[in-house]
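Sequence lines set the chain letters: A, B, ... in the order given, protein chains first and strands last, and positions in each chain run from 1. Only heavy atoms go into these numbers, but all of them, side chains included; no hydrogens, no water, no symmetry mates.
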There are 2 protein chains.
Amino acid sequence: MPGRYQWQNRFRENVCRWTVPREVILALLSRTTEHLTAKDIYGSLYSMYPGIGLTTIYRTLELLHRLGLVHKVAAGDGQSRYALKREDKGDHHHHLICTKCGKIVDYRDFVQEELELVKKTEEALAKKHNFAITDHNIEFLGLCEKCR
Amino acid sequence: MPGRYQWQNRFRENVCRWTVPREVILALLSRTTEHLTAKDIYGSLYSMYPGIGLTTIYRTLELLHRLGLVHKVAAGDGQSRYALKREDKGDHHHHLICTKCGKIVDYRDFVQEELELVKKTEEALAKKHNFAITDHNIEFLGLCEKCR
DNA sequence: ATTATAATTGAAAATGATTATCAATATCTA
DNA sequence: TAGATATTGATAATCATTTTCAATTATAAT
C-alpha cells in the first residue's frame with residue numbers, strides 16, 4: 001500500500017491516531033483516481049467493513065482534508081467529492097465536472113500553462129484585494145460522455 | 001430599474017409569468033455586486049416584503065439560473081450564492097472565495113488572458129474527453145481581508 | 001502483558017440547505 | 001370579466017452533514 005508510512009507519520013505529527021477506519025479509507029482512495037463522495041466510500045467499504053459508520057467517513061474525510069492529504073471538490077450538486085492528493089509526482093490537475101451526474105474527470109493538458117497564469121494572477125490579486133490565497137480551482141462544467 | 005423589460009421578455013419567451021416576487025428578487029440582485037445566498041435575499045427583502053417565502057426565493061433563484069440570468073456559485077460551505085449576470089457589457093469575471101466566511105470577491109484583472117487560455121483548453125478537452133462543455137470556473141481560495 | 005488515558009468510533013439525534021406537496025392566490029389571455 | 005393555469009407560501013419531507021454521548025480502540029507507560 002503506497003504511502004502508508006508517510007500517512008502514519010503525518011498522523012502522528014498531528015496528534016492523530018492511526019486507526020483501522022482511517023487506514024481503510026486511505027487505502028480505498030489510493031486505489032482509484034475517481035473523486036468519491038462520502039456515500040460512495042461508505043458503500044464501497046460496506047462489504048468488507050460493515051461496521052464503519054457513515055459519520056466516521058465524514059469525520060475522516062474532513063481530517064484528511066485538514067491534513068492536506070485529499071482534494072475536496074464541491075461539484076455543485078450539494079455533495080462533496082474527495083480524491084487522494086498525489087503531489088509526490090508533482091501531479092497537479094484540474095477538473096471537468098458533469099452538471100448532470102456530478103462525475104469529475106481530471107485533466108493535465110495545459111496544466112503547466114494554467115499554473116503559469118495562476119501564479120501571475122495570484123500574486124497580483126493577493127495584493128490588490130488584500131486576500132491571503134491558499135488554493136485555486138480551474139474547472140469546466142458540462143455533460144460527460146455518458147450524459148450528453 | 002435596469003433590464004426590466006429584457007427580463008420580462010425573457011420570462012415570456014420561456015412561458016414564465018412576470019410576478020412581484022420575481023421582480024423584487026431581480027431588482028435586489030441588480031442593486032448589488034455581492035453574491036448572495038437565498039437566506040441573504042430573504043432577509044434583505046423581509047422588511048419590505050415579509051410575505052415572500054423562503055421557498056419562493058429558492059425556486060426563483062433556480063429559475064433565474066435556468067434562464068441564464070444569474071451566476072450560481074457553490075463557495076464550498078454547503079450554500080449556493082447568486083449574482084446577476086451582467087454580460088450586457090461583456091462583463092466576465094472570476095472569483096476570490098473566502099474559505100472562512102464564504103464571501104465571494106469578483107475580479108477582472110487577467111480575465112482576458114484567462115479567457116484566451118480557457119478557449120484553447122476548452123476545445124482540446126471537449127474533443128479529448130468527449131465532454132460537452134457549457135461553462136467554466138476559475139477561482140482562488142483563501143482568506144479575505146476581514147478573516148485573515 | 002497490563003493498565004490507564006485519551007482519542008476515536010458508531011448510532012441516534014439534530015441541524016441546515018433545499019425540495020415536494022397542495023390549497024390558495026395571482027397573472028394573463030380571450 | 002371570466003377562466004385557465006402558473007405561481008405562491010406554509011408545511012412537511014429529503015438529504016448531506018454535524019453533534020452528542022456512551023462504548024471502544026490505540027498507544028504510551030510500566
K.L.:
Start at the 5' end of DNA chain D and walk down; is the nucleotide closest to A:C16 or to A:E62 reached first?
P.N.:
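Closer to the 5' end of DNA chain D: A:E62.
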K.L.:
When you measure from the side-chain N and O atoms of B:T55 to the phosphate of D:dA10, is any distance below 4.0 Å, counting only OP1 and OP2?
P.N.:
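For B:T55, the contact criterion (side-chain N or O under 4.0 Å from OP1 or OP2 of D:dA10) is not met.
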K.L.:
Does any N or O donor sit under 3.5 Å from an N or O acceptor when you compare the side chain of A:T19 with the base of C:dA7?
P.N.:
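When only heavy-atom distances are counted, A:T19 does not reach the base of C:dA7 through any donor-acceptor pair under 3.5 Å.
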K.L.:
Tell me: OH of A:Y46 to P of C:dG10, nearest whole Å?
P.N.:
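Result: 12 Å.
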K.L.:
Donor-acceptor pair under 3.5 Å: do we get one between A:R59's side chain and the base of D:dT20?
P.N.:
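Such a pair is found, so the answer is yes.
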K.L.:
Closer than 4.0 Å, any side-chain N/O of B:Y58 to the OP1 or OP2 of C:dT18?
P.N.:
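So the side chain of B:Y58 is within the cut-off, an N or O lying under 4.0 Å from OP1 or OP2 of C:dT18.
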K.L.:
Nearest whole Å is fine: how far is C:dA26 P from B:R22 CZ?
P.N.:
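Going from CZ in B:R22 over to P in C:dA26 covers 15 Å.
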K.L.:
B:Y42 vs B:Y46 aromatic rings, parallel, tilted or perpendicular, using cut-offs 30° and 60°?
P.N.:
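Tilted.
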K.L.:
Which residue lies toward the 5' end of DNA chain C, B:G78 or A:V20, if each is placed at its nearest nucleotide?
P.N.:
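It is A:V20 whose nearest nucleotide is closer to the 5' end.
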K.L.:
Which whole-number value in Å describes the distance from B:L61 CG to C:dT18 C1'?
P.N.:
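Result: 11 Å.
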K.L.:
Only one of B:H71, B:H95, B:K103 forms a side-chain hydrogen bond (donor to acceptor under 3.5 Å, both in side chains) with B:H35, so which one is it?
P.N.:
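Single side-chain hydrogen bond (donor to acceptor under 3.5 Å, both in side chains) partner of B:H35 among B:H71, B:H95, B:K103: B:H95.
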K.L.:
Rounded to whole angstrom units, what separation is found between the CG atom of A:L54 and the P atom of C:dA14?
P.N.:
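After rounding, the reported distance stands at 18 Å.
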K.L.:
Closer than 4.0 angstrom, basic N to acidic O: yes or no for B:K72 and B:E62?
P.N.:
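Yes, this pair counts.
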K.L.:
Using atom CD1 of B:I25 as one end and atom P of D:dT8 as the other, report the distance to the nearest whole Å.
P.N.:
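Rounded to whole Å, this separation is 8 Å.
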K.L.:
Mind calculating the distance between CD1 (B:I52) and P (D:dT7) to the nearest angstrom?
P.N.:
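Atom CD1 in B:I52 sits about 15 Å away from atom P in D:dT7.
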K.L.:
What is the distance, to the nearest angstrom, from the NZ atom on B:K39 to the P atom on C:dT19?
P.N.:
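Those two atoms, NZ and P, are 14 Å apart.
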K.L.:
Specify the separation, in whole Å, of atom CH2 of A:W18 and atom P of D:dT25.
P.N.:
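Going from A:W18 (CH2) to D:dT25 (P), I get 18 Å.
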K.L.:
Would you kindly compare B:P21 and B:K72 by the position of their nearest DNA chain C nucleotide and give the one closer to the 5′ end?
P.N.:
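This one resolves to B:K72.
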K.L.:
Describe, in one word, how the ring planes of B:H136 and A:F140 are oriented to each other, choosing from parallel (under 30°), tilted (30 to 60°) and perpendicular (over 60°).
P.N.:
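Rings of B:H136 and A:F140: tilted, as their planes differ by 30° to 60°.
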K.L.:
Could you state whether B:V24 and B:I57 fall into the same hydrophobic cluster, counting links through intermediate Ile, Leu, Val, Met, Phe, Trp or Tyr residues with side-chain heavy atoms under 4.5 angstrom apart?
P.N.:
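Yes; tracing contacts between hydrophobic side chains, which count when under 4.5 Å, links both residues.
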K.L.:
Test for a donor-acceptor pair under 3.5 Å between the base of D:dT5 and the side chain of B:R17, counting only N and O atoms.
P.N.:
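Checked by distance alone, the answer is yes.
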K.L.:
Counting side-chain heavy atoms from CB outward, which of C:dT27, D:dT25, D:dT17 is closest to A:S80?
P.N.:
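It is D:dT17.
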